[in-house]
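So the structure is just underneath, and the comments pick up after that.
Source: prediction; values computed, not measured. The chains referred to below are lettered A, B, ... by the order of the sequence lines, with proteins before strands, and numbering in each begins at 1. Side chains are part of it too, since the values below use all heavy atoms of this structure and drop only hydrogens, waters and symmetry mates.
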There are 2 protein chains.
Amino acid sequence: MNLTVAEENYIKSIYKLEEGAEAVTTTGLAYELDTKPASVTDMAKKLKEKKLIDYEKYQGINLTAEGKKAALHIIRRHRLWECFLVDKLAFSWEEVHELAEELEHVRSEKLIIRLSDFLGNPTIDPHGDPIPDAQGKLGKQRAQISLDQARTKRLEVTAVSDKSAALLEFLNAKGIRLGTQLEVIERYEFDNSIEIKIRNQPAFTISEQVSKNIMVRPL
Amino acid sequence: MNLTVAEENYIKSIYKLEEGAEAVTTTGLAYELDTKPASVTDMAKKLKEKKLIDYEKYQGINLTAEGKKAALHIIRRHRLWECFLVDKLAFSWEEVHELAEELEHVRSEKLIIRLSDFLGNPTIDPHGDPIPDAQGKLGKQRAQISLDQARTKRLEVTAVSDKSAALLEFLNAKGIRLGTQLEVIERYEFDNSIEIKIRNQPAFTISEQVSKNIMVRPL
DNA sequence: TAAAATGTTTAGATTTGTCTAACTTTTATT
DNA sequence: AATAAAAGTTAGACAAATCTAAACATTTTA
């Protein structure tokens, strides 16, 4: 299956939205891809033709098995390049998403296998997301929960679900990275903000916007 | 200056043909890019508009100073990726050209600077070609001469000018790589073939086709 | 349940890069 | 120098990916 860059981006975004359990709507996908609903409808017809998605007029979009497999291969490439950029070229986690968006479209099975070997076949990327293997299989993911939903006091950061430079820079500034251990001091119901503390540093408060995107596991 | 992938490929090919001292003709460029003369004429108008080439109807194509600078940056990216593929991912020299053709179009100054650092700021690529620096400057190139024109008996291979997998695989098979020391045993005028010997191995004959593409320096 | 609001699709246009076929200019040949 | 051949250009078409504006379908809400 030979996909264009645009097709690959659609497949990846559909996969992402499907994971979030929402039905994939024309508008939602347009928003995700920063394009217009009309463009999504056009592309949906093409991807249906290629049997990568199930699509009926007005009925939303879903990946077929084949589409899912394609998505996992693209995601594998993306996450391996992110590892390369952080581990080998010393980029910080907020810089790599954009670059990996471009590198991921270089299609060579051999390149990706060698890159993975070179990196020591990593299983998670710099944001804590799991890397599919060469067959497109995702290792069973540790049960993750977002910080705003966690109900224990002591937690460890396992991933970040929003990869925007803005959020990641904020987390850098606060000293929050993968593996950081947190203690929840207080939850404020009126705005769902949370007061947290890292080690012996002074406590600080983060908004629901932020805590929703921090994935944690209980300690 | 923001170039499309197609524009970058044109600029790179024009640079290559200009180096070969030939005037860059519509047909020659079409052949180099595996496209049609009509397409070249179309693109020439665009590149002239962007002031990257000098072009007048029927008068051939030449890079402007700005065009040359752009070309050198693209070539820098290409050659650095080739180094990465060979040095870090253990690809052989005949495999990397194609992959680098894709990787070179990821435009990020920072990425390329870091990649270069990571590789130890190499100055020649796996085919013996010099790598332009971050300012687009080419280190003064060692005077190179092709094997078919060399007139001394003992020579060292410094570069290969044709990067096709076919030629490079042939050279692999014969044990010819960068740095290989050769002795010319005989030159046959009727077909310009050359009999050469490596170390203590048996002599063998190569065609003019091949010897034209092996760059050497006298020992 | 009918009207309004929201969401989706279609139709037609645009941009980029390409092509073929016809035409023009330049170069080579007699 | 006239003409033939080669090289280069133009015109018009096409595919991919996008857009706007208008039409259509579904969902919400009053």
What is the distance, rounded to the nearest whole Å, between atom [atom1] of [X] and atom [atom2] of [N]?
X	N	atom1	atom2	value
A/Leu29	D/dT18	CG	C1'	14 Å
A/His105	D/dA17	NE2	P	12 Å
A/Asp42	C/dA13	CG	C1'	12 Å
B/Glu8	C/dT16	CD	P	16 Å
B/Leu3	C/dT16	CG	P	13 Å

Counting only N and O atoms by type, is there a donor-acceptor contact under 3.5 Å from the side chain of A/Ser193 to the main-chain atoms of A/Glu208?
->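 Judged by distance alone, no pair lies under 3.5 Å.
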
Donor-acceptor contact below 3.5 Å, side chain B/Glu95 vs main chain B/Ser92 |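 Side chain of B/Glu95 to backbone of B/Ser92, a donor-acceptor pair under 3.5 Å: yes, one is there.
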
Identify whether NZ of Lys or CZ of Arg in B/Lys46 sits under 6.0 Å from the centre of the six-membered ring of B/Tyr55 and within 45° of that ring's axis.
->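 Not flagged: B/Lys46 not positioned over aromatic ring of B/Tyr55.
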
State whether [X] places a side-chain N or O below 4.0 Å from either non-bridging phosphate oxygen (OP1 or OP2) of [N].
X	N	result
A/Tyr10	D/dA16	no
B/Thr35	C/dC19	yes
A/Thr4	D/dA17	yes

Using a 4.0 Å heavy-atom cut-off across all strands, classify A/Ser39 as base, sugar-phosphate, or nothing.
->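 Since a base atom lies under 4.0 Å of A/Ser39, the category is base.
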
How is A/Ala6 classified with respect to the nucleic acid when contacts are heavy atoms under 4.0 Å: base, sugar-phosphate, or nothing?
->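 Sugar-phosphate: the residue A/Ala6, judged by heavy atoms under 4.0 Å, touches backbone atoms but no base.
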
Which residues within residues 43-62 of chain A lie with some heavy atom under 4.0 Å of an atom in DNA chain D?
->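 Heavy-atom cutoff 4.0 Å gives A/Lys46, A/Tyr58.
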
Using the test side chain to side chain contact (heavy atoms under 4.5 Å, CB included), find all partners of B/Thr25 that sit at least two apart in sequence or belong to another chain.
->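 B/Thr25: side chain to side chain contact (heavy atoms under 4.5 Å, CB included) contacts with B/Thr27.
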
Residues that A/Glu189 engages under side chain to side chain contact (heavy atoms under 4.5 Å, CB included), provided they are two or more places apart =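 In terms of side chain to side chain contact (heavy atoms under 4.5 Å, CB included), with neighbours along the sequence ignored, A/Glu189 is linked to no residue.
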
When you check the side-chain N and O atoms of A/Asp125 and A/His78, is any donor under 3.5 Å from an acceptor?
->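 Per modelled atom types, A/Asp125 and A/His78 side chains form no pair under 3.5 Å.
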
Does the side chain of B/Asp54 come under 3.5 Å of the side chain of B/Thr64 through a donor N or O and an acceptor N or O?
->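 Judged by distance alone, the side chains do not pair up.
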
Nearest to side-chain heavy atoms of A/Thr26, which nucleotide of D/dT9, C/dG17, C/dT9 =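 The closest nucleotide is C/dT9.
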
Which of these nucleotides, C/dT9, D/dT20, C/dC19, is closest to any side-chain atom of A/Lys36?
->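 Shortest atom-to-atom distance from the side chain points to D/dT20.
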
